[in-house]
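First up is the structure itself, then whatever we jot down about it.
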Amino acid sequence: MEKTLKTFDSFQRIFYIIISVVGVPVNLVAIAILSRGKCGLSTCTTRYLVVMAAADLLAVVTAVILRRISFYFSGTFLDIYPYCSVIFVLMCATRDCSVWFTVTFTFDRFVLICCQKLKTRYCTGKTAAVVLATTGALLCLKNVPFYVTSEPRVIIDNVPWFCDRKPAYYKDPGWVEYSRFDKVVVPLLPFVVIILFNILTVRHILLASRVRKALRRQGKGENQSDPEMESRRRSVILLFTISGSFILLWLTTLIDYLYYNVSGRNPNYYNPAEYIFRQVGYILQNVSLCTNTFIYGVTQAKFRQEFVNAVKYPVNALIRIINK
C-alpha cells in the first residue's frame with residue numbers, strides 16, 4: 001500500500017504540473033478574446049465569462065502553482081510563515097470566487113430565460129458588474145479569518161517555517177462552526193443552487209416550447225425559423241455545459257464532504273483508499289479551472305473564429321515582414 005501511495009503522489013505531481021501549464025494560458029486566451037466583445041455575446045454575458053476566467057486564472061496560480069506545486073519543492077520563501085498563511089487565504093478566496101461566479105452566472109441565465117419582466121433590469125452589464133464585485137468582496141472577507149488559524153511548525157535560526165493549523169481550530173466551538181460554514185459555502189450550497197436553477201430553467205423551457213409550437217401551428221408557421229427559441233437554445237447550451245462541468249468535476253469533493261460528515265471520520269486519519277479518493281477530488285476540482293475555455297470553443301462559433309484569428313495574426317504579420 002505504501003508503494004501505491006508513492007505512485008499516486010507522483011501521479012498527483014505530474015497532474016498538477018499539467019493543470020498549471022494548461023490552466024494559465026487557456027484562461028488568458030479566454031480573457032483576451034472575450035474582452036474584445038466580438039463573440040456575439042451581450043455585455044452582461046461577456047462580463048460574467050471574463051470575470052469567471054479571471055477567477056479561474058487566479059485560482060490556478062494560488063491553489064495549484066503556489067500551493068500544490070510548491071509543496072513538492074519545500075524550503076522556498078513560500079514556506080516561511082506568514083507567507084504560507086497568506087497563500088492559503090488567497091487560495092480559499094479564489095476558489096470560492098471561481099465557484100460562486102459560476103453560481104451567479106447560472107442565476108443570470110435563469111433570469112434571462114425564465115423571468116421576462118425582470119430580465120430587462122437585471123441582465124445588464126451594470127448589474128453584472130455590481131453582482132460580481134459584491135460577491136467577490138464578500139467571499140474575500142469570508143476567508144480572511146483563515147489567516148489567524150495557522151501557526152509556524154518550526155523555527156530555524158529565528159525564521160518561522162511552514163504553516164500548521166492551531167489546535168484551537170479543531171476544538172474551539174466558534175472555529176468548528178466556522179469550518180462547517182466554510183464547507184457549506186463550498187461545495188454544498190453551490191451544488192444545491194445550481195441544480196435548482198437548472199431544473200427550473202429546463203421546466204420553463206419545456207413549457208414555453210410547447211406553447212410556442214402550439215401558437216406557430218395555429219399560425220401555420222411550423223417551417224419558419226424561430227429566432228427567440230434559437231437564442232434560448234444557445235444560452236441553454238452555454239449554461240448547461242458550464243454548470244454541468246462544474247457539477248461533474250466537484251462531485252467527488254462533495255461526496256467526500258458528505259462522507260466525513262455522516263461517518264464522523266477525521267480526514268487527517270483517513271486510510272489509504274479514503275486518502276486517495278479525497279486527493280482525486282482535489283485534482284478534479286482543480287481541473288475545473290481549465291475547462292471553461294474549451295467549453296466556449298465547443299459551444300460558441302464566434303469564439304472559435306476569434307481564436308483562429310488570434311492564432312493567424314502573428315503568422316500573417318511574420319509573412320508580411322518577410323515579403324517586405
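Each residue takes its place number in the sequence, starting with 1. Treat the numbers as computed from the prediction; the structure is a model and nothing was measured.
Classified by interplanar angle (parallel below 30°, tilted 30° to 60°, perpendicular above 60°), the ring pair Phe197/Phe110 is tilted.
You'll find the ring centres of Tyr178 and Phe146 inside the 6.0 Å limit. Taking the six-membered ring for Trp, Tyr122 and Phe107 have ring centres closer than 6.0 Å. The six-membered or imidazole ring of Tyr147 lies away from that of Phe88, with a centre-to-centre distance of 6.0 Å or more.
Distance alone, capped at 3.5 Å, places no donor-acceptor pair between the Ser179 side chain and the Trp175 backbone. Glu177 contributes no side-chain N or O that, together with a main-chain N or O of Gly174, makes up a donor-acceptor pair within less than 3.5 Å. At least one donor-acceptor pair closer than 3.5 Å links the side chain of Thr127 to the backbone N or O of Arg121. In this structure a side-chain-to-backbone donor-acceptor pair under 3.5 Å is missing from Ser85 to Ser150. Distance alone, capped at 3.5 Å, is enough to place a donor-acceptor pair between the Thr253 side chain and the Gly281 backbone. Thr241 places a side-chain N or O within donor-acceptor distance of the main-chain N or O of Ile237, the cut-off being under 3.5 Å. Between the side chain of Arg165 and the main chain of Thr149, no donor-acceptor pair closer than 3.5 Å is present. Panel note: side chain Asp256, backbone Thr252; no donor-acceptor pair is recorded below 3.5 Å.
Applying the salt bridge (charged side-chain N to carboxylate O under 4.0 Å, His left out) rule to Arg68 yields no partners; only residues at least two apart in sequence or on another chain are considered.
Residue pairs meeting the side-chain hydrogen bond (donor to acceptor under 3.5 Å, both in side chains) criterion with at least one partner in residues 15-36, sequence neighbours excluded, are Arg36-Glu306.
Clustering ILVMFWY residues whenever any of their side-chain heavy atoms sit less than 4.5 angstrom apart, transitively, puts Ile33 in the very cluster that holds Ile31. Hydrophobic clustering of Ile, Leu, Val, Met, Phe, Trp and Tyr side chains at less than 4.5 Å, counting indirect connections, keeps Tyr282 apart from Leu58. Leu258 and Tyr275 end up in the same hydrophobic cluster when Ile, Leu, Val, Met, Phe, Trp and Tyr side chains are linked at under 4.5 Å. Under a hydrophobic clustering in which Ile, Leu, Val, Met, Phe, Trp and Tyr are joined whenever their side-chain heavy atoms come within less than 4.5 Å, directly or via other members, Tyr169 and Val148 fall into the same cluster.
There is a side-chain donor-acceptor pair under 3.5 Å between Ser245 and Thr291.
For the side-chain contact (heavy atoms from CB on, under 4.5 Å) test with Val202, the passing option among Leu200, Leu206, Ile205 is Leu206; the others fail. Applying side-chain contact (heavy atoms from CB on, under 4.5 Å) to Leu289 and the options Val60, Ile19, Leu57 leaves one that passes, Val60.
Salt bridge annotation for Arg95-Asp182: present, with a cationic side-chain nitrogen under 4.0 angstrom from a carboxylate oxygen.
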